Chemist: 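Mind looking over this structure? Questions follow.
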Amino acid sequence: MSSSAPQFLKTTAKPPQLASDSANPRTNLVTIDTLISILSKSLLHPFIAWILVLCLRAQVTPSTDPAWILTVSYATVLTLLFIARIFNQRVAHGAPRTVNFVNEVVVITGGASGLGLLIAQMYSMRGASVAVLDIKDVPENSRDEVFGEGVLYITCDVAERSALEVAKGKILQELGTPTIVINCAAARINGFSFLDVPADAFEKTIRTNLLAAFHLYQVFLPGIIAAENGGTLVTVSSVLGQLSAAGLSDYAGSKAGLSALHRTIEAEFRGNPLIKTLLVEVGQMSTPLFDWVRAPNHFFAPVLEPVEVAREMVAAIDSGRGGVIRLPFYATLVNWYAVLPATVQRVARYLSGIDDAVTQSRQTSGKTD
């Protein structure tokens, strides 16, 4: 790694503009995620619950009083659940590894737009060593303005094994051994019904969303394994890989395979405490990939701003932990959805409108290709 990379950017550096569509009115509506966020920081937080207990104690409420019993029981349950979550994280994914950006090199695929670009900008502003791989041709004289100062940009088709090998050589030479690999590369949604989707379009989606990840991990994982402090492998997948909505056979199939590939890698390296894997399964984001698709239900399935997802990902990576990130709230319920009776699943799909969303979006947008 280049020793000249500072821990923080110099104060004279011009901060890059974050690629976030904050003006999107769809994300300004009240959603179930907003309500749950408020509750989790108030009535559902153990600290707040114990404050209520202290308030009753200050009023000298007898221990036999129903209000006292109920409040103490409520606070105790919330505390036990809080401890159980921490225990579950530690048992399932082990102790977090130490992350020190003086020694870390971050590689981001699909980093020329959307979520990948935002993450690259965030790490660039913190002075981390960052390499971005994307098929887009970004002019060299504008790269500092787009990505941030010092980011190494490599025009590369990540689905080509030979191109990845060349890119790895450049990164090793200019930055050092990659220790944090974030796979954000993804193909646009085609939105054709199964019988109408062209074979070449299907193959391109599988190639970009799944085969590219296979090549990326095989090329860069050996370096992570050999690194003294290990590293973190991050896979950005989709909740659609599990919900498999109508009109998305290519996209859902590729994301289901991507999530399965990630879990297989996690299983193989579970015994190594220095190798952390982070699976990100999210719903619809306000990025060019989904620009023509309308969410079926904005209250239960809000459109995510990329900055929301990037914030959660960066926090998890910085903490050195592995695991799974699912956003928005409904995405956390997909495992429970899978065990519901088939009839209940059908009713839930009908009420959510998930299987009509793509067709209606195509008709509204006039999309024909």
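In what follows, residues are counted from 1 in the order of the sequence shown. Computed from a predicted structure; not experimentally measured.
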Chemist: How far apart are the closest heavy atoms of A67 and L56, and which atoms are they?
Modeler: O-CD1, 3.7 Å
Chemist: Enter the distance from T277:OG1 to E268:CD here, rounded to the nearest 0.5 Å.
Modeler: 11.5 Å
Chemist: Would L304 and I325 show up in the same hydrophobic cluster when neighbours are defined by side-chain heavy atoms closer than 4.5 Å?
Modeler: yes
Chemist: Would you mind telling me which of T232, N229, T179 makes a side-chain hydrogen bond (donor to acceptor under 3.5 Å, both in side chains) with R97?
Modeler: T232
Chemist: Could you walk me through whether V314 and R126 satisfy the side-chain contact (heavy atoms from CB on, under 4.5 Å) test, starting with their C-alpha distance in whole Å, then the side-chain angles of each, then the deciding distance to 0.1 Å, before giving a yes or no?
Modeler: CA-CA 12 Å; V314 170; R126 297 167 59 189; 3.4 Å; yes
Chemist: Nearest 0.5 Å, what's the CD-OG distance between E203 and S254?
Modeler: 13.0 Å
Chemist: Give, for atom CD1 of I108 and atom CG of L118, the distance between the pair rounded to the nearest 0.5 Å.
Modeler: 9.5 Å
Chemist: Do the side chains of L44 and I38 join up, straight or via other hydrophobic residues, at under 4.5 Å, putting them in one cluster?
Modeler: no
Chemist: In the structure I gave you, are the side-chain heavy atoms of M313 and L115 within less than 4.5 Å of one another anywhere?
Modeler: yes
Chemist: Take Y337 and Y330 through the ring pair (Phe, Tyr, Trp, His ring centres under 6.0 Å) test and state the conclusion after the steps.
Modeler: CA-CA 10 Å; Y337 167 83; Y330 80 87; over 10 Å; no
Chemist: Out of curiosity, L333 CG to R326 CZ, how far, rounded to the nearest 0.5 Å?
Modeler: 9.5 Å
Chemist: Decide whether L279 and I265 are clustered together by the hydrophobic rule: side chain heavy atoms of Ile, Leu, Val, Met, Phe, Trp, Tyr closer than 4.5 Å, transitively.
Modeler: no
Chemist: CZ of R57: more than 12 outside heavy atoms within 6.0 angstrom?
Modeler: no
Chemist: Are N209 and D250 packed together at the side-chain level, in the sense that at least one heavy-atom pair is separated by less than 4.5 angstrom?
Modeler: no
Chemist: So S237 and H262, side-chain contact (heavy atoms from CB on, under 4.5 Å) or not? Walk me through it.
Modeler: CA-CA 9 Å; S237 187; H262 178 96; over 6 Å; no
Chemist: Main chain of G322, side chain of Q89: is a donor-acceptor contact present, judged purely on distance under 3.5 Å?
Modeler: yes
Chemist: Nearest 0.5 Å, what's the CG-CG distance between L133 and D157?
Modeler: 11.0 Å
Chemist: Is any side-chain heavy atom of L172 closer than 4.5 Å to one of T177?
Modeler: yes
Chemist: Below 4.5 Å, heavy atoms only, C-beta onward: do I119 and C184 meet side chain to side chain?
Modeler: yes
Chemist: Is the backbone of L340 close enough, under 3.5 Å, to the side chain of Q345 for a donor and an acceptor to pair up by distance?
Modeler: yes
Chemist: Tell me the closest heavy-atom pair linking P222 and V219, and the distance in Å.
Modeler: CD-O, 3.7 Å
Chemist: Would you check if the distance from the ring center of F202 to the ring center of F192 is below 6.0 Å?
Modeler: no
Chemist: Nearest 0.5 angstrom please: L152 CG to S124 OG, how far?
Modeler: 12.0 Å
Chemist: Looking only at non-hydrogen atoms, find the nearest pair between L258 and L210 and report the distance.
Modeler: N-CD1, 3.5 Å
Chemist: List the steps, then state whether side-chain contact (heavy atoms from CB on, under 4.5 Å) holds for Y251 with V197.
Modeler: CA-CA 11 Å; Y251 188 83; V197 60; over 6 Å; no
Chemist: Do T34 side-chain atoms and V30 backbone N/O form a donor-acceptor pair below 3.5 Å?
Modeler: no
Chemist: What pair of heavy atoms forms the shortest contact from T208 to A187, and how long is it?
Modeler: CG2-N, 3.7 Å
Chemist: When you compare the side chain of I317 with that of I182, does any pair of heavy atoms fall below 4.5 Å?
Modeler: yes
Chemist: Going by heavy atoms in the side chains, are L35 and F329 under 4.5 Å from each other?
Modeler: no
Chemist: Transitively linked via ILVMFWY side-chain contacts under 4.5 Å: W50 with V77?
Modeler: no
Chemist: Under 3.5 Å, is there a donor-acceptor pair linking the side chains of E281 and S259?
Modeler: yes
Chemist: Determine yes or no for a side-chain-to-main-chain donor-acceptor pair under 3.5 angstrom, with K276 supplying the side chain and G323 the backbone.
Modeler: no
Chemist: Quick one, L240 and K255 - any side-chain contact, counting heavy atoms below 4.5 Å?
Modeler: no
Chemist: Would you check if K136 and Y153 make a side-chain contact, meaning some heavy-atom pair closer than 4.5 Å?
Modeler: yes
Chemist: Quick one, L261 with Y217, criterion side-chain contact (heavy atoms from CB on, under 4.5 Å). Give me CA distance, side-chain angles, the key distance, then yes/no.
Modeler: CA-CA 10 Å; L261 174 65; Y217 299 160; 4.2 Å; yes
Chemist: With a 3.5 Å cut-off and no angle check, do the side chains of N183 and T235 form a donor-acceptor pair?
Modeler: no
Chemist: Between T31 and P302, what is the shortest heavy-atom contact and its length?
Modeler: CG2-CB, 3.6 Å
Chemist: Is the count of non-hydrogen atoms from other residues, nucleotides or ligands lying under 6.0 Å from F299 atom CZ greater than 12?
Modeler: yes
Chemist: In terms of ring plane angle, is the pair F101 and Y123 parallel, tilted or perpendicular, where the classes change at 30° and 60°?
Modeler: tilted
Chemist: Main chain of S142, side chain of E145: is a donor-acceptor contact present, judged purely on distance under 3.5 Å?
Modeler: no
Chemist: If you count every heavy atom of other residues, nucleotides or ligands that lies below 6.0 Å from F82 atom CZ, does the total exceed 12?
Modeler: no
Chemist: Indicate the atoms forming the closest heavy-atom contact of T71 with A49, along with that distance.
Modeler: CG2-O, 4.3 Å
Chemist: Quick check on side-chain hydrogen bond (donor to acceptor under 3.5 Å, both in side chains): which of E165, E160, R161, R207 does H215 satisfy it with?
Modeler: R161
Chemist: Of T155, V146, I154, V151, which meets side-chain contact (heavy atoms from CB on, under 4.5 Å) against V132?
Modeler: V151
Chemist: Do L278 and L274 share a hydrophobic cluster (ILVMFWY, side-chain heavy atoms under 4.5 Å, transitive)?
Modeler: no
